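In this text, all values refer to a predicted model and were calculated from it rather than measured experimentally. By convention in this document, chain letters (A, B, ...) are assigned in the order of the sequence lines, proteins followed by strands, and residues within each chain are numbered from 1.
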Amino acid sequence: MALIELREVRRSYDLGEIQVHALREVTLNIERGEYVALIGPSGSGKSTLMNTLGCLDRPTGGSYLLDGQEIVSMSRDQRAKIRNQQLGFVFQNFNLLNRTTAVENVELPLLYRQGMTSRQRRRIAIEMLEKVGLGERLDHYSSQLSGGQQQRVAIARALATSPSILMGDEPTGNLDSKTSREVIALFRELNETQNLTVILVTHDPAVAKNARRKIVLRDGEVVADTPDIDIAMGALHREDDE
Amino acid sequence: MTIWDTFRVAIRSLMKNKMRASLTVLGVVIGIAAVTTMVSIGQSASALVQNQFMALGTNVIVVFPESQQRGGVRQALTVTLTAADSQEIAAQCDAVLATTPLVGAAGQLIYGNTNWNVNELSGVGSDYLIVRNWDMAAGDFFTEDDIKSGAKVCVIGHTVVTKLFQTGNPINQIIRIRNIPFRVVGVLEKKGVDMVGNDRDNLVLMPYTTVRKRLQGSNFDNVNAIFVSAVSPARMTEATKQIEQLLLERHGIEPGKTPDFRVQDTTEIAATLGIITGVLTLMLSTIAGISLLVGGVGIMNIMLVSVTERTKEIGIRMAIGASGNDILRQFLVEAIVLSLMGGLIGILLGSSASVGATLLINYFNPGQDWPIVISLPAAAVALAFAGFVGVFFGYYPARRASRMDPIEALRYE
Ligand SMILES: Nc1ncnc2c1ncn2[C@@H]1O[C@H](COP(=O)(O)OP(=O)(O)OP(=O)(O)O)[C@@H](O)[C@H]1O
Ligand SMILES: [Mg+2]
């Protein structure tokens, strides 16, 4: 059984007069330990798919099994629990709490877990920050950190709950190419050394190349699913050539 | 998330915007302080009224003569209420502790070359002190023998001592009223002024027989009033009934005829005054309660602004696993912390304000002695109410926060 099994997942937005089909019948499996990049033109449904995978959004149809559990029929609170226990999120704009220190930000997801003392939370948070190379910046506020550092705090926060999947919606979108490479290297390392499943949305071919599997979306549909970057890029640009 | 964690998160969030938090708290502080002060002052006023009644003699019943209307002509000189009635009430009514007749007179006091006008010059019986719940400061009250013989003796109040004798000892001194010499046998304990500011210590008491014989020159046995004290406040009504029964019989009033006397029970007056002060307290607390309500609306307002402003934070918390309940509790606890903080400060402020107000009243009204009452129940109720205000006005914003869609909340800038 795959870690993620999507069957004919659809997501449409009803805007009164018109219906927007952000996802049409997406079917795919992702195994434990995979490193997947989601690419596609703007508006192709990458974020929608990511939010669905991340249990932030509920598809309008189809089935989504995460580790054998059906997500589509779950309540809000059940999905919140799944997010807390199995998933780690990294966002394009970092989404750290402002006026809050790095270590407090990393502790945050642990706060929503049962039976953890504040000392345990602190210990885990420090460990995670050390892992992403920010052991020296524990008590810095978000506003006192560079973009790359903020994204590392966000990664440490995502890892604090020891999730099985790390997800990022354009996590390098706001970073320059050098910091972007560093963050990507970190994702790669986590994937290789800890067998963490990584799923990223990206516009950057360099980032996509780094992933072992590339899934190309176009108009809410998967048009290519390949380890080969050239085939993926070909699928991405096909329409532009026509 | 434990409740302790929730409190810590709430306090940390509030600390991030201290100015706003303190202004919100201020609204509640004013409300709670107003409630506490008003209720305390109201209770202080009713305690004052009660004290005054205690001083009058708590269980006092007064019997007045009622002039008879016969053929439209007022029979002013008919003897209705007598000293014998007073004695019989004391002897026969078992709910009655003691009685005293009261005969009023007027006249100027002269001692040496000083003269002085008293508020009250009364002839009373030997049980007067028991009935009025009063004591002697010096000397003795006149005796049953003095009453029998109509002796020219008197007992004076504290004010009379200071006006006529200054620092000298008044006992056994002779004062003159209408040129008749009276020997001072005792001085009454100081009582202070009553509710309307009359000096209750400016009086002279003498045997009722003396007043009648020496000052009025009257041969009738009639008295102006009979003061009766019941054995206990609980038996006031019973005593009143017994007195009425006895006097109807003694005066031969047939059933259905208007009696020639009137029995007045001071508990009625006390009850009326109690209602008045009660209404006053209620009115003051209502006004104070409204200001508390305004404070609550302030909390709601700020919480709503805060929820909107922190939409992104709510989105982040939800994305990393906060349930709707976690968010609801966080904002609710913030509102409760705000209002309880306001409540505590308000109680402290209100208590000091009521003590201050009482001290001021006593300073400007010497002799009145308003008791200092800090109403603990009022404080407890106020605090509970503050908590309730927090929950009530915090719930709606908190629920709004908890129902947000995480994706939309994250997108909010
Ligand atoms: N809340 C919404 N209401 C209506 N339509 C929406 C909503 N969210 C997304 N869509 C539509 O769904 C489609 C897919 O959007 P999505 O955000 O997934 O694109 P994307 O691939 O992430 O694009 P980008 O690369 O620009 O981020 C778009 O056509 C978008 O307009
Ligand atoms: Mg997107």
B/A319 and A/F89 have their tightest heavy-atom pair at O-CD1, 3.9 Å
So what's closer than 4.5 Å to chain B heavy atoms on A/L96: side chain, backbone, both or neither?
-> backbone
To the nearest 0.5 Å, tell me how far A/R99 CZ sits from B/M15 CE.
-> 12.0 Å
Atom CZ of B/R317 and atom CG of A/N84: how far apart are they, to the nearest 0.5 Å?
-> 12.5 Å
On a heavy-atom basis, the closest approach of B/G321 and A/Y112 is O-CB, 3.9 Å
Sort B/S13 into side chain, backbone, both or neither according to what part of it lies under 4.5 angstrom from a heavy atom of chain A.
-> neither
Return the option, out of A/R121, A/K81, A/Q85, A/R79, with the maximum number of heavy-atom pairs under 4.5 Å with chain B.
-> A/R121
From A/L111 atom CG to B/T6 atom OG1, the distance as rounded to the nearest 0.5 Å = 7.5 Å
Which bit of B/Q330 comes within less than 4.5 Å of chain A, counting heavy atoms only: side chain, backbone, both or neither?
-> side chain
Within a strict 4.5 Å, meaning less than it, do heavy atoms of the A/T100 and B/R12 side chains meet?
-> no
Of the listed B/N325, B/I320, B/D326, the one with the largest count of heavy-atom pairs under 4.5 Å with chain A is B/I320
Does atom CZ of B/R20 have more than 12 heavy-atom neighbours from other groups under 6.0 Å away?
-> yes
With only heavy atoms counted, which part of A/R76 is less than 4.5 Å from chain B, the side chain, the backbone, both or neither?
-> side chain
Check each atom of A/N93 against the heavy atoms of chain B and say whether the ones under 4.5 Å are side chain, backbone, both or neither.
-> side chain
One should read off an interatomic distance between B/D405 CG and A/N51 CG, to the nearest 0.5 angstrom, of 9.0 Å
If contact means a heavy atom pair closer than 4.5 Å, which residues of residues 302-312 of chain B contact chain A?
-> B/K312
Name the member of A/R83, A/R113, A/Q114 that forms the most heavy-atom pairs with chain B at distances under 4.5 Å.
-> A/R83
Distance col, row A/N105:CG vs B/I316:CD1, nearest 0.5 angstrom, shows 7.5 Å
Interatomic distance, CG@B/L410 vs CG@A/N95, rounded to 0.5 Å, equals 5.0 Å
